[in-house]
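Report on the following structure.
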Amino acid sequence: MVSRQSVTIPFGSFLQLLHHPSPSLLQAQQAHAGLLKSGHLPADAHLATKLLSLYADHLRFPDASLLLHSITDPDPFLFSTLISAFTRSRLFSAALSLLSRMLALGLTLDPFVLPTAFKACAGLLSLPHGRQLHSLSLVTGHSSDPFVQSSLVHMYLKCRAMVDAHRVFDRMTQRSVVSWSALIAAYASRGNVVEAMKLFGLMRGSGVEPNSVTWNGLIAGFSHSGHSHKSATLFQRMHAEGFIPDRPSVSSTLPVVGDIEDVAFGGQIHGYVIKVGLESDSCVVSALIDMYGKCRRTEEMVRIFDEVGMMEVGSCNALVAGLSRNGLVNNALQAFREFQGQGIDLNVVSWTSIVACCAQNGKDMEALELFREMQFVGVEPNLVTIPCVLPACANIATLMHGKSAHCFSLRKGFSEDVYVASALVDMYAKCGRIRDARTIFDAMPSRNVVSWNAMMGGYAMHGKAKDVMELFNLMQASPQKPDFITFTCVLSACSQAGLTEEGERHFYKMHQEHGIVARMEHYACMVSLLGRAGKLEEAYDLIRGMPSEPDACVWGALLGSCRVHGNVRLGEIAAEKLFELEPGNAGNYVLLSNIYAAKGMWDGVDKVRDIMKSMGVRKNPGCSWIEIKNKVHMMLAGDKSHPQMNQIADRLEKLSVEMKRLGYLPSTDFVLQDVEEQDKEQILCGHSEKLAIALGLINTSRGTPLRVIKNLRICGDCHVAIKFISSFERREIFVRDTNRFHHFKDGVCSCGDYW
DNA sequence: GTAGGGTTAG
């Protein structure tokens with residue numbers, strides 16, 4: 001049997017191991033053990049340093065730290081090595097704590113460690129640490145070192161301390177291409193095209209030749225700040241001026257090519273990628289997949305993925321996003337599950353993509369389940385995941401999940417992020433918590449147009465037209481410019497509140513003062529606004545004067561107004577268009593029936609029912625017929641001796657039997673069985689958007705408020721909705737129909753007119 | 001052992 005002693009390797013062999021071009025971790029560990037045993041460690045600083053860098057190269061940071069701590073008299077070089085290794089591995093906090101330990105031991109800083117330390121501060125976005133180290137560099141006399149200066153400029157830029165960055169830059173005697181590039185990239189990424197290009201010119205004027213990093217800084221900066229055309233042009237200019245576009249140039253340019261959907265240019269870059277042999281670079285491949293996905297070339301996208309992308313998480317993510325973007329939701333889900341099955345290490349981007357894919361394509365429950373699953377498998381949601389999942393909570397009005405995402409954001413410090421907070425405002429508003437939405441809105445440190453729109457849309461949805469207009473005035477006093485969605489909220493609010501003239505004024509100002517071209521939803525709001533005021537002919541004239549073919553929203557608004565005012569002629573015109581545009585939408589048939597029913601035109605009601613039957617339309621019509629029945633009841637309630645009473649009763653009886661035969665859901669018995677007679681009328685007075693969404697009667701919340709209003713009018717069944725909502729343990733809900741409000745509290749429902 | 005530029009999710 002061989003004793004342990006007999007396998008001892010002589011000291012020379014350890015040195016050989018250590019000086020091997022790339023020693024394995026095992027070799028390093030063997031050498032470590034042997035050197036300790038032979039007494040060369042921890043005393044020999046040179047050997048310790050060599051070993052320490054080996055551990056760092058193998059990312060064995062605990063081993064490296066232990067070794068460092070075991071050395072009685074470590075030299076600064078040893079610390080520098082490890083600090084640098086930590087920083088390279090983005091372990092910035094560890095790097096800085098090692099630096100403070102080094103200082104505590106009274107070791108002197110050499111000029112090599114400072115740039116790394118500034119990089120760590122930049123990585124942590126820690127301005128206080130950065131400033132401290134800046135002072136230290138002044139004290140130690142290293143502040144004029146060019147490496148120190150440019151890393152200092154970079155640190156201040158990353159920490160968004162532009163004034164400090166400029167102060168350091170302006171005082172530099174020798175401005176290197178590195179510091180110029182850092183400054184130029186910072187302006188480009190802030191979207192300041194003029195200043196970035198001015199500095200680029202000044203740099204060349206001062207005799208410093210730009211390199212590919214300078215060009216790439218401009219290209220990537222403009223790409224991130226949304227200046228897609230500028231970014232693409234710079235790529236071409238770089239090439240034309242004889243610079244060789246490299247991996248970062250290509251990776252930064254392809255996404256903007258996708259944004260501007262210039263597939264011809266994208267194809268040229270693709271050709272260039274193949275020519276220079278970049279087609280196996282993971283970032284380039286992901287960017288190519290992304291570009292073809294954005295340009296709706298899904299076949300080409302999948303082909304590239306199949307050829308090169310399979311096992312790399314970035315290209316997998318790009319593929320899922322590309323499929324999702326092109327509406328291929330099931331393919332995206334299938335691809336995602338396949339990647340999971342293949343053991344690909346899916347990251348937070350992968351999970352966020354698939355959650356977003358579901359939430360954006362009407363698969364709200366799936367989005368929530370995936371959100372739970374990602375946490376179950378140990379992937380923590382980030383700042384982007386939260387605004388992706390919140391719309392799913394909002395769409396199905398699940399306050400519980402929305403609140404939990406809110407709590408998560410608070411714990412993680414995400415709740416002040418403008419995207420997160422805007423999504424929270426939207427979620428609370430859509431879940432009926434308009435006051436909570438406003439509280440979050442008021443607390444936001446910064447707001448963008450999405451934030452304003454979410455709050456105004458929330459008020460519009462709750463029928464709070466006055467609040468919409470107040471907020472719009474506040475917005476106009478703020479630096480934030482309104483967009484087309486803002487005007488949809490404003491016009492919708494004016495329509496709801498009967499502010500006819502004000503609405504008309506905003507409609508014209510939208511185009512004249514803000515240069516926003518009216519879209520379908522704006523016309524629909526205007527039709528509704530005029531229709532509400534009884535100006536049905538004017539509304540019809542507006543429709544006929546539209547520059548493009550009116551869509552179902554516009555005709556729906558007219559039909560709805562015709563029902564309110566009992567205008568059979570225009571109602572028939574609008575309904576005829578709607579039957580063409582939305583042959584399967586039961587609500588349109590019901591609206592026309594209601595117009596006829598209100599006038600006692602029973603032949604018309606029969607005619608519509610026959611059309612509906614011949615079209616095979618069955619979605620939720622049962623409740624709509626009940627609505628007609630009850631309207632008739634209400635009409636005749638005051639006059640029991642009405643000559644048509646018996647005739648109508650027969651008719652209702654037949655309808656009811658027919659409904660049951662056709663299997664319409666939900667049945668009269670079901671919806672009304674628990675309702676007191678005196679409450680029936682109240683319950684039937686309106687429906688809420690929230691309730692409708694909860695029932696799946698409206699499949700999206702991204703439609704315009706007006707579209708929703710139209711749907712509300714037609715959607716059908718608030719009785720079942722109330723039951724559904726009750727099961728959600730909701731205490732109180734405030735909802736509105738076209739011209740009435742609906743207050744539901746502790747199982748009791750009350751209604752009233754707005755004005 | 002030192003500084004600047006890259007893809008995919010809102």
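In what follows, every chain begins at residue 1, and chains take the letters A, B, ... in the order their sequences are listed.
For dT2(B), the base is stacked against the aromatic ring of F147(A), per a cut-off of 5.5 Å between centres and 30° between planes.
Using a 4.0 Å heavy-atom criterion, one finds that I354(A) contacts no nucleic acid atom at all.
Residue H224(A) places at least one side-chain N or O under 4.0 Å from the OP1 or OP2 atom of dT7(B). Considering only side-chain N and O atoms, R88(A) lies nowhere under 4.0 angstrom from the phosphate OP1 or OP2 of dG1(B). For the OP1/OP2 pair of dG10(B) and a distance below 4.0 Å, the side-chain nitrogens and oxygens of Q360(A) include at least one atom meeting the criterion. Contact between the side-chain N/O atoms of K158(A) and the OP1/OP2 oxygens of dG4(B) is not found at any separation under 4.0 Å. Residue H154(A) has no polar side-chain atom (N or O) positioned under 4.0 Å from OP1 or OP2 of dA3(B). For dT7(B), the OP1/OP2 oxygens have no side-chain nitrogen or oxygen of K294(A) closer than 4.0 Å.
Straight-line distance from the CE atom of M203(A) to the P atom of dG5(B): 14 Å, rounded to whole Å. Nucleotide dG10(B) holds its P atom 18 Å from the CG atom of L424(A), rounded to whole Å. In this structure, D259(A) places its CG atom 13 Å from C1' of dT7(B), rounding to the nearest Å. In this structure, CE of M172(A) is placed 13 Å from P of dG4(B), rounded to the nearest angstrom.
Which of dG6(B), dT2(B), dA9(B) sits closest to the side chain of A356(A) comes down to dA9(B). In this structure, of dA3(B), dT8(B), dG10(B), it is dA3(B) that holds the atom nearest to the side chain of P115(A). With dG10(B), dG5(B), dT2(B) as the choices, the nucleotide that has an atom nearest any side-chain atom of V213(A) turns out to be dG5(B). With dT7(B), dG10(B), dA9(B) as the candidates, the nucleotide lying closest to the side chain of A321(A) is dA9(B). Taking only side-chain atoms of S212(A), from C-beta outward, the nucleotide of dG10(B), dG4(B), dG5(B) with the closest atom is dG5(B). Of the candidates dT7(B), dG10(B), dG4(B), dG10(B) carries the atom nearest the P387(A) side chain, counting heavy atoms from C-beta on. The side chain of T214(A) has dG4(B) as its nearest neighbour among dG4(B), dT8(B), dT2(B). Considering only the side chain of R325(A), dA9(B) comes nearest among dA9(B), dG6(B), dG1(B). Taking only side-chain atoms of S80(A), from C-beta outward, the nucleotide of dG10(B), dA3(B), dG1(B) with the closest atom is dG1(B).
Looking at D417(A), its side chain comes within 3.5 Å of the base of dG10(B) through a donor and an acceptor atom. A donor-acceptor contact under 3.5 angstrom links the side-chain atoms of S181(A) to the base of dG4(B). Interface remark: the S286(A) side chain does not form any donor-acceptor pair with the dT8(B) base, using a distance-only criterion of under 3.5 Å. A donor N or O paired with an acceptor N or O is not found under 3.5 Å between the base of dA3(B) and the side-chain atoms of S151(A). Within 3.5 Å, a donor on the side chain of D246(A) pairs with an acceptor on the base of dG5(B), or the reverse. Judged by distance alone with a 3.5 Å cut-off, a donor-acceptor contact links the side chain of N211(A) to the base of dG4(B).
Ion pairing between D262(A) and K294(A) fails under the 4.0 Å rule for side-chain N and carboxylate O.
Contact annotation: the side chain of L157(A) approaches that of L183(A) to within less than 4.5 Å [non-hydrogen atoms, C-beta and beyond].
At most 12 non-hydrogen atoms from other residues, nucleotides or ligands lie less than 6.0 angstrom from CZ of R372(A).
A cation-pi geometry, defined here as NZ or CZ lying under 6.0 Å from the six-membered ring centre and within 45° of its normal, does not hold between R101(A) and F79(A).
Note on ring orientation: taking the six-membered ring where Trp is involved, the planes of F336(A) and W351(A) are perpendicular (angle over 60°, cut-offs 30° and 60°).
Taking the centre of each ring, H229(A) and F222(A) stay at or above the 6.0 Å mark.
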